[in-house]
Peer 1: 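Before anything else, here's the structure in question.
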Amino acid sequence: MTFKTDIEIARAAHKKPILEIGEALGIPAAELLPYGHDKAKVSQSFINGLADRPDGKLILVTAITPTPAGEGKTTTTVGLGDGLNRIGKKTVICIREASLGPNFGMKGGAAGGGYAQVVPMEEMNLHFTGDFHAITSAHNLLSAMIDNHIYWGNGLEIDERRVMWRRVMDMNDRALRDVVTSLGGVSNGFPRQTGFDITVASEVMAILCLAKDLADLQRRLGNIVVAYTRDRTPITCRDLKADGAMTVLLKDAMQPNLVQTLENNPAFVHGGPFANIAHGCNSAIATRTALKLGEYVVTEAGFGADLGAEKFFDIKCRKAGLTPAAAVLVATVRAMKMNGGVARADLGVESVEAVEKGCANLGRHLENVKSFGVPVVVAINHFHSDTEAELQAIKDFVATQGAEAIVCTHWADGSAGMEDLAHKVVAMADSDAANFAPLYPDDMSLMDKIETIAKRIYRADGVIADTTVRNQLKTWEAAGYGHLPVCMAKTQYSFTTDPNVRGAPTGHSFPVREVRLSAGAGFIVAICGEIMTMPGLPRKPAAETIGINDDGFVEGLF
């Protein structure tokens with residue numbers, strides 16, 4: 001059977017002018033800043049005027065541990081938004097922007113799939129409205145001002161050995177992980193070792209996604225700790241007087257982007273921190289705005305529920321004052337079989353036994369989401385190779401966990417394949433059954449927070465961290481940062497820190513090799529295992545098959 005590619009489907013979409021999409025949400029044309037005919041930014045003045053409106057119901061879409069077989073979390077997020085609109089519920093979708101790094105590396109695109117996509121697909125996966133470029137520029141302006149300050153006399157007495165602020169770019173490039181700058185003589189400054197992270201790992205990205213307005217953005221930027229003096233006094237972005245110029249570079253990027261689905265329903269696509277190295281959620285300002293404009297808001301958190309959902313609950317909801325009404329956990333037959341030991345090449349062969357074995361991973365995620373007091377339903381993202389026996393095996397397992405699994409055919413059928421799930425989500429959200437609470441209190445020690453996440457979410461026996469890490473956490477607590485939540489940076493492919501361990505393992509330890517302070521964003525990052533904040537390209541990057549055809553259309557994005 002031959003299927004159209006995602007880009008072929010997206011290209012054939014009948015898009016409405018973006019002003020019409022805004023009008024349907026109650027956004028006047030004068031409050032939209034169009035980028036062409038099919039995307040626009042929503043003005044801060046309009047957003048400020050929504051403050052007294054009641055909030056809609058917030059729905060989180062998360063997933064099982066990702067596998068190379070693909071789970072379709074974004075596809076399900078978009079499909080559910082379309083499905084809710086189909087059954088008469090005014091719904092807004094909120095997802096993250098795509099990073100160029102994975103687009104030209106492993107993924108090739110990130111805007112949903114099949115007949116559950118957000119468009120314009122090509123622009124969203126490339127430069128879109130320039131938000132990531134603005135974040136990259138603002139981040140690197142601060143880098144330049146640090147080195148410039150040192151060059152012109154170092155009035156703040158920065159210890160060049162303790163400059164913590166690295167540079168960023170929105171591309172996977174392992175060659176830039178560790179570099180030496182300022183070579184070439186006196187006129188180029190003082191040589192020092194530093195490196196690059198990918199833009200989505202930048203604290204500036206996290207700040208933009210948690211700030212409530214421009215004033216809050218500048219305050220948070222000013223709080224960034226960039227370096228220390230020889231007596232360990234912290235030096236901030238505000239000390240370098242860079243926060244104002246950085247805010248200027250980010251003033252347009254701060255405004256949420258409005259686009260539409262294939263079925264002409266509204267979607268905010270804004271911000272894009274990775275969940276394996278940052279907090280993995282779209283911007284708080286987009287989510288808050290959507291809650292004021294819709295009855296229901298469907299959003300997602302990156303990768304599996306252990307990474308994305310945990311950070312959504314413990315960081316984004318805590319910082320933004322959000323209360324989720326329900327959650328959807330995405331699973332696939334194919335992923336269950338991979339977690340059950342089936343090789344990717346053999347996924348087309350029926351194996352109920354492997355599905356049943358792989359369901360342990362699903363069960364672990366279900367238990368974790370429930371632990372936050374949020375009602376959850378399982379969405380089985382249907383593939384044409386799935387058999388009825390395999391689907392039933394998942395349904396039967398989920399029933400033993402006190403939940404329900406619903407087969408969803410949105411990839412092939414759009415909103416028509418999502419009606420059952422949409423009705424279930426409405427029933428859960430409207431029942432007010434949610435009793436949401438974060439995993440840990442603010443006043444717990446930083447090390448205890450790390451251990452709580454490791455033990456309760458990842459089922460580790462304990463945390464391995466050397467004296468340097470533990471002393472650093474104590475120093476930050478003494479400096480007034482002990483109330484901050486923790487952002488775990490680790491592989492997305494396993495509950496352990498070993499990406500090759502699938503299923504629902506127990507009896508493992510959790511190594512924390514480094515901790516970083518994100519004082520502006522308002523969390524502590526724990527770097528676990530071998531995770532990299534600057535990814536590399538795979539042996540055969542997606543960039544090799546991306547190009548422009550004879551008709552001038554982009555090919556290779558999928």
Peer 1: Does some side-chain heavy atom of V463 sit less than 4.5 Å from a side-chain heavy atom of M447?
Peer 2: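 Contact flag for M447/V463 side chains = yes.
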Peer 1: Hey, are E71 and T67 close enough side-chain-wise for a donor-acceptor pair under 3.5 Å?
Peer 2: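 Side chains of T67 and E71: pair found under 3.5 Å.
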Peer 1: Show, in sequence, the C-alpha distance, side-chain angles and deciding distance for S45 and E31, and conclude whether the side-chain contact (heavy atoms from CB on, under 4.5 Å) test is met.
Peer 2: CA-CA 8 Å; S45 60; E31 300 291 357; 3.0 Å; yes
Peer 1: Should N223 and T236 count as side-chain neighbours, where that means a heavy-atom distance under 4.5 Å?
Peer 2: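 Contact flag for N223/T236 side chains = no.
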Peer 1: Using the side chain to side chain contact (heavy atoms under 4.5 Å, CB included) criterion, which residues pair with T75? Sequence neighbours excluded.
Peer 2: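 Partners of T75 by the side chain to side chain contact (heavy atoms under 4.5 Å, CB included) criterion, ordered by chain and then number, come out as A116, H410, W411.
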Peer 1: For a 4.5 angstrom cut-off between non-hydrogen side-chain atoms, does V200 reach E97?
Peer 2: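 With C-beta onward as the side chain, the pair stays apart.
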Peer 1: Please answer whether the main-chain N or O of G556 pairs with a side-chain N or O of T545 as donor and acceptor at a distance below 3.5 Å.
Peer 2: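 Not confirmed, T545 side chain does not pair with G556 backbone.
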Peer 1: Quick one: list whatever passes side chain to side chain contact (heavy atoms under 4.5 Å, CB included) with K15, sequence neighbours left out.
Peer 2: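 K15 satisfies side chain to side chain contact (heavy atoms under 4.5 Å, CB included) with A13, D38, V119, P120, Q260 once adjacent residues are dropped.
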Peer 1: Are side-chain heavy atoms of R288 and L50 found at a separation under 4.5 Å?
Peer 2: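 A side-chain contact under 4.5 Å is absent here.
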Peer 1: Under a 4.0 Å N-O cut-off, is there an ion pair linking R220 with E203?
Peer 2: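 E203 and R220: not salt-bridged.
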Peer 1: Run the salt bridge (Lys or Arg N to Asp or Glu O under 4.0 Å) test against R174 and tell me which residues pass, sequence neighbours left out.
Peer 2: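 Once residues adjacent in sequence are excluded, R174 has no partner under the salt bridge (Lys or Arg N to Asp or Glu O under 4.0 Å) criterion.
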Peer 1: Under a 3.5 Å distance rule, please check whether N148 uses its side chain to pair with a backbone N or O of A144 as donor and acceptor.
Peer 2: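 No: the side chain of N148 does not pair with the backbone of A144.
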Peer 1: Are T62 and F312 close enough, and set up right, to give a side-chain contact (heavy atoms from CB on, under 4.5 Å), and what steps lead you there?
Peer 2: CA-CA 10 Å; T62 185; F312 176 84; over 6 Å; no
Peer 1: Above 12 or not: heavy atoms from other molecules or residues under 6.0 Å from CE of M145?
Peer 2: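 Yes, enclosed.
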Peer 1: Taking only residues two or more places apart in sequence or in another chain, which ones pass side-chain hydrogen bond (donor to acceptor under 3.5 Å, both in side chains) with N549?
Peer 2: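 Partners of N549 by the side-chain hydrogen bond (donor to acceptor under 3.5 Å, both in side chains) criterion, ordered by chain and then number, come out as E555.
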Peer 1: Between the side chain of N257 and the main-chain N/O of T129, is any donor-acceptor distance below 3.5 Å?
Peer 2: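 Such a contact is absent between N257 side chain and T129 backbone.
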Peer 1: Between D551 and R11, does any NZ, NE, NH1 or NH2 come within less than 4.0 Å of an OD or OE carboxylate oxygen?
Peer 2: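 Result for this pair is no, no salt bridge flagged.
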Peer 1: Only distances under 3.5 Å count here; give the side-chain donor-acceptor pairs of residues 478-492 to other protein atoms, sequence neighbours excluded, each with its distance to 0.1 Å.
Peer 2:
| residue | atom | partner | partner atom | Å |
| --- | --- | --- | --- | --- |
| H483 | ND1 | G480 | O | 3.2 |
| K490 | NZ | S494 | O | 2.6 |
| K490 | NZ | T496 | O | 3.0 |
| T491 | OG1 | Y493 | N | 3.2 |
| Q492 | OE1 | N276 | ND2 | 3.1 |

Peer 1: So which of L307, I527, I198 actually passes side-chain contact (heavy atoms from CB on, under 4.5 Å) with I277?
Peer 2: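 Going through L307, I527, I198 one by one, the side-chain contact (heavy atoms from CB on, under 4.5 Å) with I277 is satisfied by I198 alone.
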Peer 1: By salt bridge (Lys or Arg N to Asp or Glu O under 4.0 Å), which residues pair with R516, not counting sequence neighbours?
Peer 2: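 If we apply the salt bridge (Lys or Arg N to Asp or Glu O under 4.0 Å) test to R516, skipping adjacent residues, the hits are D197, E514.
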Peer 1: Going by heavy atoms in the side chains, are L250 and V204 under 4.5 Å from each other?
Peer 2: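 They are in side-chain contact.
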Peer 1: Just grab all the ring-ring contact (aromatic ring centres under 6.0 Å, His included) pairs involving residues 141-198, residues at least two apart or on different chains.
Peer 2: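 Non-adjacent pairs meeting ring-ring contact (aromatic ring centres under 6.0 Å, His included): H139-W165.
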Peer 1: Is there a side-chain contact between I224 and I207 (heavy atoms, below 4.5 Å)?
Peer 2: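 Contact flag for I224/I207 side chains = yes.
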Peer 1: Check the pair D147 / R192 against side-chain contact (heavy atoms from CB on, under 4.5 Å), numbers first and verdict last.
Peer 2: CA-CA 10 Å; D147 287 326; R192 63 181 179 86; 3.0 Å; yes
Peer 1: Measure centre to centre between the rings of H365 and F495, then say whether the value is under 6.0 Å.
Peer 2: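 Yes; F495 has its ring centre under 6.0 Å from that of H365.
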Peer 1: Below 4.0 angstrom, N of the basic side chain to O of the carboxylate: do K41 and D131 qualify?
Peer 2: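 Answer for the salt bridge query: yes.
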Peer 1: Please enumerate all residues that pass side-chain hydrogen bond (donor to acceptor under 3.5 Å, both in side chains) together with R219, with sequence neighbours excluded.
Peer 2: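 Here the qualifying residues are D216.
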Peer 1: Using the salt bridge (Lys or Arg N to Asp or Glu O under 4.0 Å) criterion, which residues pair with R230? Sequence neighbours excluded.
Peer 2: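 Here no residue qualifies.
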Peer 1: When rounded to the nearest 0.5 angstrom, what is the spacing between OG1 in T233 and CD1 in I158?
Peer 2: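 Those atoms lie 12.0 Å apart.
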Peer 1: Would you mind listing every ring-ring contact (aromatic ring centres under 6.0 Å, His included) that reaches into residues 509-528, with sequence neighbours excluded?
Peer 2: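 Qualifying pairs, neighbours excluded: H279-F523, Y458-F510.
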Peer 1: Checking R459 against N368 for the side-chain contact (heavy atoms from CB on, under 4.5 Å) test, could you report, in this order, the C-alpha distance in whole Å, the side-chain angles of both residues, the deciding distance, and whether it holds?
Peer 2: CA-CA 10 Å; R459 304 305 196 276; N368 284 345; 2.7 Å; yes
Peer 1: Counting only heavy atoms from other residues, nucleotides and ligands, does the tally under 6.0 Å from CD of E157 exceed 12?
Peer 2: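 At most 12 heavy atoms, drawn from other residues, nucleotides or ligands, come within 6.0 Å of this atom.
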Peer 1: Does A286 have any side chain to side chain contact (heavy atoms under 4.5 Å, CB included) partners at least two apart in sequence or in another chain, and if so, which?
Peer 2: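 Testing A286 for side chain to side chain contact (heavy atoms under 4.5 Å, CB included), a comparison that skips the adjacent residues, returns P256, F268, H270, N282, S283.
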Peer 1: Could you tell me whether the side chain of R470 and the main chain of A465 form a donor-acceptor pair under 3.5 Å?
Peer 2: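 Side chain of R470 to backbone of A465, a donor-acceptor pair under 3.5 Å: yes, one is there.
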Peer 1: Measure the shortest side-chain to side-chain distance between Q44 and I285 over non-hydrogen atoms and say whether it is less than 4.5 angstrom.
Peer 2: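 In short, these two side chains touch, coming nearer than 4.5 Å.
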Peer 1: Is there a side-chain contact between S143 and R166 (heavy atoms, below 4.5 Å)?
Peer 2: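 Side-chain contact under 4.5 Å: no.
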Peer 1: Residues in side chain to side chain contact (heavy atoms under 4.5 Å, CB included) with D550, at least two apart?
Peer 2: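 Not a single residue meets the side chain to side chain contact (heavy atoms under 4.5 Å, CB included) criterion with D550.
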Peer 1: Look only at the side chain of S182 and the backbone of N188, and say whether a donor-acceptor pair between them is shorter than 3.5 Å.
Peer 2: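 Between the backbone of N188 and the side chain of S182 there is a qualifying donor-acceptor contact (under 3.5 Å).
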Peer 1: How many angstroms lie between OG1 in T289 and CG in N48, if you round to the nearest 0.5 Å?
Peer 2: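 The CG atom of N48 is 9.0 Å from OG1 of T289, to the nearest 0.5 Å.
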Peer 1: Closer than 3.5 angstrom, by distance alone: can the side chain of K73 be matched with the main-chain N or O of E300 as a donor-acceptor pair?
Peer 2: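 Not at all, since once roles are kept as given, no pair shorter than 3.5 Å links the two residues.
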Peer 1: Would you find a donor on one side and an acceptor on the other, under 3.5 Å apart, between the side chain of K449 and the backbone of D442?
Peer 2: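 Flag set: sc K449 to bb D442 pair under 3.5 Å.
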Peer 1: Once rounded to the nearest 0.5 Å, what's the spacing between atom OG of S99 and atom CZ of F104?
Peer 2: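 So the OG of S99 and the CZ of F104 are separated by 10.0 Å.
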